[in-house]
Number of protein chains: 2
Amino acid sequence: MGRPTVTDIAREAGVSLATVDRVLNARPGVRAKTIAAVQEAIARLGYVRDMAAANLARGRSTRVALLLPDTESQFIQTLEDALAQAAALATSARMQVDLLRYPAADLHRLAAMLAELAAGGISGVALMAPETPVVRDALRALHAADIPVVAMVSDLPNCGAAHYVGIDSHAAGRTAGVLMGRFLGGRTPRVMVIAQSMLLRDSIERRRGFDAVMLADFPGVTVGQTLETHGVADTLRQVIREALRSDGPVGGIYLLGSGHRALVQVLTELNLLGRVVTIGHELTPHTISALQSGWLDAVIAQNVGHVARSTLRVLQAKADHQPINESQERLRLEIILRENLPQAL
Amino acid sequence: MGRPTVTDIAREAGVSLATVDRVLNARPGVRAKTIAAVQEAIARLGYVRDMAAANLARGRSTRVALLLPDTESQFIQTLEDALAQAAALATSARMQVDLLRYPAADLHRLAAMLAELAAGGISGVALMAPETPVVRDALRALHAADIPVVAMVSDLPNCGAAHYVGIDSHAAGRTAGVLMGRFLGGRTPRVMVIAQSMLLRDSIERRRGFDAVMLADFPGVTVGQTLETHGVADTLRQVIREALRSDGPVGGIYLLGSGHRALVQVLTELNLLGRVVTIGHELTPHTISALQSGWLDAVIAQNVGHVARSTLRVLQAKADHQPINESQERLRLEIILRENLPQAL
DNA sequence: TCATTTTTGAGGTACGCACATCATTTTGGC
DNA sequence: GCCAAAATGATGTGCGTACCTCAAAAATGA
């Protein structure tokens with residue numbers, strides 16, 4: 001005897017197949033007493049619905065859209081690659097994935113794209129986007145239309161997002177703080193914090209976490225205010241030079257977002273490369289090679305492959321109205337050193 | 001138009017459904033020319049076989065066995081829990097999982113169990129076991145019977161194992177080494193290395209990795225020889241006391257395997273708790289609470305949930321004669337500090 | 001060219017489930 | 001106890017694929 005099927009339940013519960021079907025799919029027109037009897041039989045037999053067969057019968061081939069900003073960042077590119085790879089695999093599980101980019105500078109366009117998708121009959125959307133009123137309204141419209149929304153990498157609370165796939169940015173900042181403090185090894189120099197921009201929710205939370213740990217556990221270390229580079233290498237060079245003119249030696253640098261390549265360049269010019277504890281975020285070809293060279297001491301990252309697969313799994317579960325396996329979807333905050341660099345991205 | 005089906009291929013290739021079926025399932029009696037035509041149609045339409053429907057039609061419900069030692073270790077228990085949870089989910093994907101324990105001290109019994117399983121018609125086996133001749137022979141017999149074998153946590157090369165699910169132990173030791181060296185922060189005290197036993201492949205490789213890094217990057221630090229406790233708390237107490245009597249202060253302890261609880265106890269007695277850099281392996285309730293209390297500085301771990309799910313996925317893929325998605329199955333070596341402890345195991 | 005073998009076609013059944021329709025039974029209100 | 005409403009049963013079809021049988025066609029050898 002193999003696993004029990006709907007037929008077994010019907011026999012066991014003393015009802016017809018039609019009734020079992022009504023109970024299983026929460027269709028109306030069944031007395032509470034009958035529902036209980038069927039569920040009791042399900043429990044007794046240990047029945048587990050064959051989701052593959054169910055989806056096959058439904059003939060439903062989920063279509064979802066994934067939206068990323070068109071930023072020229074290696075992290076975004078890495079994430080897109082991971083999403084594309086996961087999407088290719090999802091095809092064999094009856095899921096069609098549209099991978100789209102939106103202009104990072106034009107969030108109205110993003111909102112328009114979301115509206116189009118909603119009209120085009122899509123069963124789920126996942127995106128990485130800043131939380132602005134325009135975006136929020138667009139996402140709320142999706143929510144109202146019963147289209148599940150998944151936030152990737154950067155959370156979107158108060159937008160009706162059904163799920164967040166990404167790591168806790170505050171914890172990421174705290175972790176960066178501990179590593180910085182411990183890698184300084186008792187020394188109490190100044191530490192510089194550099195960011196492209198402090199508009200993004202992630203950067204702000206990371207900074208908060210970093211400060212909390214430094215203040216509490218390494219009170220001797222002076223942490224400077226956040227230097228914003230706006231993605232311009234010259235600005236970066238200038239702010240670093242300026243900061244170095246201030247009193248006290250700089251012993252550590254915390255890079256909140258991207259910009260590793262420019263930083264390495266500036267540090268080379270200033271002959272500081274490898275002489276300063278440097279901690280950054282996200283695994284990209286740049287950060288990997290910087291770790292290998294010893295220019296970067298640690299990277300706090302999230303597994304983009306996991307982000308991609310988790311995103312698709314969550315969207316599939318939402319489309320099936322299935323519960324989400326929280327423990328599988330919880331992303332771990334990863335600490336990457338030269339010694340535990342993954343062999344391949 | 002949804003995704004292409006076998007019918008579409010038949011039409012596109014100008015052959016019948018039966019012929020497409022023969023090609024897809026590598027059945028004999030088709031001319032090479034016809035095979036090429038069908039495959040060309042498959043490529044042109046981008047056909048991807050619906051594995052769910054295929055398995056449904058096959059009526060095949062994969063049955064696999066998972067074997068763990070009956071060791072009273074929290075890590076083994078944690079792993080078993082993760083496997084049980086993954087198994088419960090796998091049920092809805094037509095997979096039946098038998099979760100078994102074998103006496104750790106009696107590997108002949110393990111070999112006998114494996115032989116029984118082979119005779120009982122099972123489609124795959126995963127196990128965590130030491131690599132002894134008895135085990136090797138038993139696994140080779142499985143391999144000869146075309147039953148795929150997956151090694152969990154501890155690798156089993158030269159046993160015909162189809163796959164290894166676990167982290168690179170040498171890299172784990174190297175990582176522990178860097179953390180130890182850096183957390184010592186320039187100080188050069190003695191470092192103690194403690195293990196339950198050095199018979200297990202993992203412990204040996206970890207030690208090798210640890211030594212390699214300490215020697216190369218932190219040459220001032222003296223690393224003692226491995227102290228074996230054989231799982232006895234008293235022995236642990238004794239070896240630590242003895243080691244402390246030697247000259248030079250002990251600044252770090254590297255715990256290769258389990259035994260965290262006993263170590264904390266001994267360190268408490270000696271008033272060394274929290275005053276020595278301590279690094280261990282694997283996330284268990286004990287190590288988690290030790291991290292939270294600050295008694296443990298870092299843990300090198302593998303995600304047991306990932307181990308469990310990966311094991312089942314690999315077994316499923318092997319049973320379906322499907323290729324394995326290497327990037328998804330590659331386990332990351334995780335560094336856990338108090339700051340990035342997962343909220344739940 | 002004929003006989004033989006090989007290749008191909010046509011069609012059916014099954015897997016476990018969803019969903020639909022219509023007939024039949026049971027229930028509750030009065 | 002009658003009737004309408006609600007609940008349940010019976011039955012069929014289809015999802016995409018595997019696997020089987022038998023007939024028909026094509027290729028091959030002599």
Side-chain angles (χ1 to χ4, degrees), chain A residues 1-39 41-42 45-63 91-96 319-322, chain B residues 1-39 41-42 45-62 90-96 319-322:
Chain A
M1 269 282 301
R3 17 184 314 202
T5 71
V6 278
T7 314
D8 299 318
I9 299 179
R11 189 176 358 87
E12 186 77 10
V15 299
S16 72
L17 266 177
T19 302
V20 173
D21 175 72
R22 290 182 183 113
V23 173
L24 277 178
N25 296 290
R27 279 185 248 280
V30 188
R31 276 183 305 167
K33 201 178 126 195
T34 313
I35 294 182
V38 172
Q39 280 172 340
I42 289 178
L45 294 181
Y47 169 82
V48 182
R49 192 200 306 233
D50 183 335
M51 281 312 294
N55 281 330
L56 177 58
R58 286 197 180 96
R60 185 197 286 162
S61 75
T62 324
R63 224 186 98 223
T91 303
S92 74
R94 322 180 52 77
M95 175 177 251
Q96 193 194 325
D320 292 350
H321 295 99
Q322 285 271 105
Chain B
M1 268 285 300
R3 19 183 313 204
T5 73
V6 277
T7 314
D8 299 318
I9 299 179
R11 188 178 357 88
E12 185 77 9
V15 298
S16 72
L17 265 177
T19 301
V20 173
D21 177 70
R22 290 180 183 113
V23 174
L24 276 178
N25 296 289
R27 279 184 250 279
V30 188
R31 279 184 304 170
K33 200 177 123 195
T34 314
I35 294 182
V38 172
Q39 280 172 341
I42 289 178
L45 295 181
Y47 168 81
V48 182
R49 191 198 307 230
D50 184 334
M51 283 310 295
N55 282 331
L56 176 59
R58 284 198 181 95
R60 186 198 285 164
S61 73
T62 323
T91 303
S92 75
R94 317 181 55 76
M95 177 178 252
Q96 191 192 327
D320 292 350
H321 295 99
Q322 284 272 104

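A note on names: the letters A, B, ... follow the listed sequences, proteins ahead of strands, and every chain is numbered from 1.
With D:dC15, D:dA18, D:dG16 as the candidates, the nucleotide lying closest to the side chain of B:Arg49 is D:dA18. For B:Arg27, taking side-chain heavy atoms from C-beta onward, the closest of the listed nucleotides D:dT17, D:dC15, D:dA18 is D:dA18.
Summary of the strand contacts: A:Arg58 and B:Arg58 both lie near DNA chain C, and taking for each the nucleotide with the nearest heavy atom, the more 5' one is attributed to B:Arg58. Across the interface with DNA chain C, nearest-nucleotide mapping of A:Tyr47 and B:Pro28 shows B:Pro28 to be the residue nearer the 5′ end.
D:dG14: Watson-Crick or G-U partner is C:dC17, with both key distances under 3.5 Å.
Here the P atom of nucleotide D:dT17 and the CG atom of A:Asn55 are 15 Å apart, to the nearest Å. For B:Asp50 and D:dG16, the CG to C1' distance is 6 Å, given to the nearest whole Å. As rounded to whole Å, 11 Å separates atom P of D:dC20 from atom CG of B:Asn25. In this structure, CD1 of A:Ile9 is placed 17 Å from C1' of D:dT8, rounded to the nearest angstrom.
Nucleotides of DNA chain C lying under 4.0 Å from heavy atoms of chain B occupy a range whose first and last members, 5' to 3', are C:dT7 to C:dG16.
Paired with B:Val30 under the rule side chain to side chain contact (heavy atoms under 4.5 Å, CB included), one option of B:Val15, B:Val20, B:Val23 passes, and it is B:Val23.
No side-chain donor-acceptor contact under 3.5 Å links A:Arg3 to the backbone of B:Gln96. Checking side-chain atoms of A:Arg49 against main-chain N and O of A:Leu24 turns up a donor-acceptor pair under 3.5 Å.
If you check residues 14-22 of chain B against DNA chain D, the residues with a heavy atom closer than 4.0 Å are B:Asp21, listed by number.
Across all non-hydrogen atoms, the minimal contact from A:Ala13 to A:Ala41 is CB-CB, 3.8 Å. In plain terms, the two heavy atoms of A:Leu45 and A:Pro4 that are nearest each other are O-CG, 3.5 Å. The shortest heavy-atom contact between B:Ala53 and A:Leu56 is CB-CD2, 3.8 Å.
In this structure, CD1 on A:Ile9 lies 12.0 Å from OG1 on A:Thr19, to the nearest 0.5 angstrom.
Every residue was checked against the salt bridge (Lys or Arg N to Asp or Glu O under 4.0 Å) condition with A:Arg31, not counting sequence neighbours, and none meets it.
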What are the atom names and distances for every N/O pair under 3.5 Å that joins the protein to nucleotides 24-30 of chain D?
none

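Within the structure, the salt bridge (charged side-chain N to carboxylate O under 4.0 Å, His left out) test picks out the following pairs touching residues 19-30 of chain A (sequence neighbours left out): A:Asp21-A:Arg27. Applying the salt bridge (charged side-chain N to carboxylate O under 4.0 Å, His left out) test to residues at least two apart or on different chains, the pairs with a partner in residues 10-20 of chain A are A:Asp8-A:Arg11, A:Glu12-A:Arg44.
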Evaluate B:Asn55 against B:Asp320 for side-chain contact (heavy atoms from CB on, under 4.5 Å), listing each step before the verdict. CA-CA 8 Å; B:Asn55 282 331; B:Asp320 292 350; 3.4 Å; yes
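Using a 4.0 Å heavy-atom cutoff across all strands shown, A:Gly59 reaches no nucleic acid atom at all.
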